[in-house]
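Remember, predicted model here, so these are calculated numbers, not experimental data. In this chain, residues are counted from 1 in sequence order. In each ligand, atom 1 is the first atom listed, and ligand 1 is the first ligand listed.
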Amino acid sequence: MILVTGATGRLGKPTVALLTDSGHEVRSLSRRPGPGVVVADLSTGTGLADALAGVSAVVHLASGANAHDSQQTRQLLRAIAAHPVDHLIFMSIVGVDEHALAFYRDKHLSEQLIAASGIPYTILRATQFHSFIARLFVAQRRLPVTVVPSFSIQPVSIEEVAERLVELVDAGPSQRVRDFAGPEQLSFRELANEWNVAHSLRRRVWSLPLPGAAGRSFSRGVHLASLPGDAHVTFAEYARTHAESAMR
Ligand SMILES: NC(=O)c1ccc[n+]([C@@H]2O[C@H](COP(=O)([O-])OP(=O)(O)OC[C@H]3O[C@@H](n4cnc5c(N)ncnc54)[C@H](OP(=O)(O)O)[C@@H]3O)[C@@H](O)[C@H]2O)c1
């Protein structure tokens, strides 16, 4: 039995579907009840003992905003210590060990806690998901211009990340594995233009530098992986698919 935390999230849904399709028995963890769901809260630890009963591997995709990631990971590790599993797979983000963003620093702390826990583990870092980038453009759809930060990113298909996670579940504990990233590094301006072309939008794009230490980390590109990334789907392809499904 594989327990997936964050199963209801953007990455969790395709991961649960692919694990199930590839023959694994899957239990989804959420704070809300639903089909195939075990209710638990990683912030408090409530329900984790029941969630881990009979589980051999945990795919930990849940994420708390505002630097609560490591708090949730601590609760999970505490529960696993009482109900051991053979393999813990953790989803992290490229560059967390070098980035000034508080959320990334906390994600790095989660990595360190897992590596020091004695639990057999795999850590996969990925770049930013296509759907995460798209949210920035969708949120501005009623504005006359699209405002974006001035750095580049290397976005990745969430479905391809899910496929990689299934491979890693099957591979067994591998510690930190090669970063998983999209096929190209593009500026946010280029990505916004691709989004606008795909959605037949005529609008200007303004790019502004992101201030502060986090902005400097992004400008230095610590969130980028080497090229070419292992994933294949481009942001332009994602944007076209998104536009086509919005028309249906
Ligand atoms: N977004 C990106 O571009 C990106 C890039 C690289 C890596 N990642 C990492 O990939 C993972 C998945 O990201 P995502 O974008 O799919 O996340 P998401 O859509 O924001 O989903 C977050 C998930 O976390 C669960 N969760 C939050 N607090 C919880 C709590 N206290 N107890 C139990 N579950 C809790 C939620 O479950 P319920 O609401 O159902 O309880 C939800 O399923 C995260 O670790 C993220 O940091 C993201």
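- Taking the six-membered ring where the residue is Trp, Phe218 and Phe151 present parallel rings, their angle staying beneath 30° rather than reaching 60°.
- Residues Leu76 and Val59 fall into different hydrophobic clusters, defined by Ile, Leu, Val, Met, Phe, Trp and Tyr side chains chained together at heavy-atom separations under 4.5 Å.
- Counting only residues at least two apart or on different chains, no salt bridge (Lys or Arg N to Asp or Glu O under 4.0 Å) pair has a member in residues 144-153.
- Using 4.0 Å as the threshold, Ser131 has no heavy atom nearer than that to any atom of ligand 1.
- Scanning the protein heavy atoms around atom 35 (C) of ligand 1, the nearest turns out to be Arg31 NE, 3.7 Å.
- Between atom CD of residue Glu194 and atom CD of residue Glu237 there is a gap of 10.0 Å, rounded to the nearest 0.5 Å.
- Residue Ser30 places at least one N or O, backbone or side chain, under 3.5 Å from an N or O of ligand 1.
- For ligand 1 and Arg32, the ligand atoms under 4.0 Å from any heavy atom of the residue are 38 (P), 39 (O), 40 (O).
- Distance from atom 37 (O) of ligand 1 to its nearest protein heavy atom, with residue and atom name: Thr8 OG1, 3.2 Å.
- The shortest contact between atom 9 (C) of ligand 1 and any protein heavy atom is with Met91 CG, 3.8 Å.
- In this structure, of Phe180, Tyr104, Phe129, the residue bringing a heavy atom nearest to atom 48 (C) of ligand 1 is Phe129.
- Formation of a donor-acceptor pair under 3.5 Å by the Arg78 side chain with backbone atoms of Gly45 is not found in this model.
- Between Gly9 and ligand 1, at least one pair of N/O atoms sits closer than 3.5 Å.
- Taking a 4.0 Å cut-off on heavy atoms, Leu29 registers as neighbouring ligand 1.
- On a distance-only criterion, Asp41 and ligand 1 share at least one N/O pair closer than 3.5 Å.
- Within the structure, salt bridge (Lys or Arg N to Asp or Glu O under 4.0 Å) pairs that include any residue of residues 113-134 comprise Asp97-Arg125, Glu111-Arg125 (at least two apart or interchain).
- Contact annotation for Gln72 and ligand 1: only side-chain heavy atoms (C-beta onward) come within less than 4.0 Å of the ligand.
- By heavy-atom distance, the residue among Lys107, Arg10, Lys13 lying nearest atom 47 (O) of ligand 1 is Lys107.
- The shortest N or O to N or O distance between Leu11 and ligand 1 is under 3.5 Å.
- No N or O atom of Phe103 sits closer than 3.5 Å to an N or O atom of ligand 1.
- If you check which protein heavy atom lies closest to atom 23 (C) of ligand 1, you get Gly6 CA, 3.7 Å.
- Between Thr127 and ligand 1, a contact under 3.5 Å exists for no N or O pair.
- At least one N or O atom of Leu42, backbone or side chain, sits closer than 3.5 Å to an N or O atom of ligand 1.
- In this pair, Phe137 and Phe235 present their aromatic rings perpendicular. The plane angle is above 60°, beyond the 30 to 60° band.
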